[in-house]
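Contents: one structure, followed by commentary.
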Amino acid sequence: MNRSYFFFGDYLRSKYHCRVLKLSLNTNLSCPNRDGSLGFSGCIFCSENGSASPVSSVSDDLVKQMEDGRNNFKRSDEDTRYIAYLQAFTNTFGTPEKLKKIYDAAVSSPDVIGLMIGTRPDCLSDEILELISSYKKDNFELWLEIGMQSIHDKSLQFLRRMHDSDISVKSILSASSRGIPVCVHIILGIPGESWSDMMRTAEVISSLPVNGVKIHQLHVIRRTLLEQLYADNKINILSMKEYVSIICDFIERLRPDITIHRLIADRDEKSLVAPRWGMHKGTVIKAIEDEFIRRGSYQGILVKSGF
Ligand code: SF4
């Protein structure tokens with residue numbers, strides 16, 4: 001399929017010639033912004049499941065979680081491979097020995113062709129990056145997903161991330177210097193960010209050795225600090241029309257070789273407070289694709305060199 005952006009799913013299909021799915025696994029690791037090391041209440045958007053889509057298993061055993069996930073996705077008509085996706089909480093928050101056991105279990109099945117590790121930028125010591133880099137091999141999708149959110153410190157403070165943007169840049173450079181592919185997680189529509197602020201984040205990402213971007217709208221999830229701010233009318237949430245326009249502007253400023261892992265946050269009806277358009281993923285993606293066609297533009301069309 002010809003798209004106006006470099007979709008991660010298209011990249012996987014053309015490389016592996018089969019269906020490749022991400023299986024979200026819960027490692028039960030905590031987060032320094034929740035266990036008291038940096039804070040107890042977490043980032044303002046973070047839900048009790050550590051800012052992840054619910055996993056398809058209640059088991060603590062990663063191999064069993066893989067099995068349950070596989071059964072949910074099973075289709076007999078197509079060869080399927082999986083990427084073990086450690087999304088919830090901070091999946092580098094542990095000793096290298098503990099993390100090695102977790103990563104080994106996550107990739108232990110022969111149909112697992114990748115490992116994607118989601119984490120905070122301030123939980124990536126040299127030792128842990130060395131461990132992650134030891135999983136590199138041919139025809140294997142090793143990805144480090146770093147929660148960058150924004151390049152602006154005022155936004156990171158608003159989100160109560162408890163880290164600054166310098167550490168995001170440093171961790172991207174350290175991972176990349178070891179040959180670890182990096183995907184950054186970005187939120188559009190953070191209160192206080194102007195259109196220019198969001199575009200600046202895209203420009204900085206394009207100037208860094210980033211291989212993938214996961215983008216989503218700021219959304220309000222139940223039982224988060226953000227829910228209270230929203231209930232008190234203290235924040236504005238983007239309309240779908242605004243989001244579609246901004247994300248197209250953003251992708252136009254991303255280098256064309258950066259894979260796009262996500263265009264919208266996925267949430268179930270019960271946990272999502274706002275925006276309600278976030279429940280209609282297919283409609284939003286279609287609107288984004290239509291907007292690119294209407295503009296006659298595509299990913300990277302506005303990339304400038306040397307900013
Ligand atoms: S860093 Fe991630 S897991 Fe930790 S509080 Fe923030 S969103 Fe939640």
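The structure presented is a predicted model; accordingly, all values stated were derived computationally and were not measured. Counting starts at 1 for both ligands and their atoms, following the listed order.
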Practice item. State whether C43 contributes an N/O/S atom found under 2.8 Å from atom 4 (Fe) of ligand 1. Key: no
Exercise for review: Verify the ring-centre separation between H185 and H216: is it less than 6.0 angstrom?
Suggested key: yes
Review point. Is there a heavy atom in R160 that sits closer than 4.0 Å to ligand 1?
Key: no
Check your understanding: Should D290 and K286 be marked as a salt bridge (charged side-chain N to carboxylate O under 4.0 Å, His left out) after you check the CA-CA gap, both sets of side-chain angles, and the distance that decides it?
Key -> CA-CA 6 Å; D290 287 349; K286 168 102 177 43; 2.8 Å; yes
Practice item. Report, in ascending order of atom number, the atoms of ligand 1 lying under 4.0 Å from any heavy atom of R120. Key: 1 (S)
Exercise for review: Looking only at non-hydrogen atoms, find the nearest pair between L62 and I102 and report the distance.
Suggested key: CD1-O, 3.4 Å
Practice item. Taking only heavy atoms of G42 into account, list the atoms of ligand 1 that are under 4.0 Å away from them. Key: 5 (S)
**Study point:** NZ/NE/NH1/NH2 to OD/OE distance under 4.0 Å, D268 and K270
**Key:** no
Check your understanding: Below 2.8 Å, any N, O or S contact between C31 and atom 8 (Fe) of ligand 1?
Key -> no
Review point. Salt bridge between D68 and K64, side-chain N to carboxylate O under 4.0 Å?
Key: yes
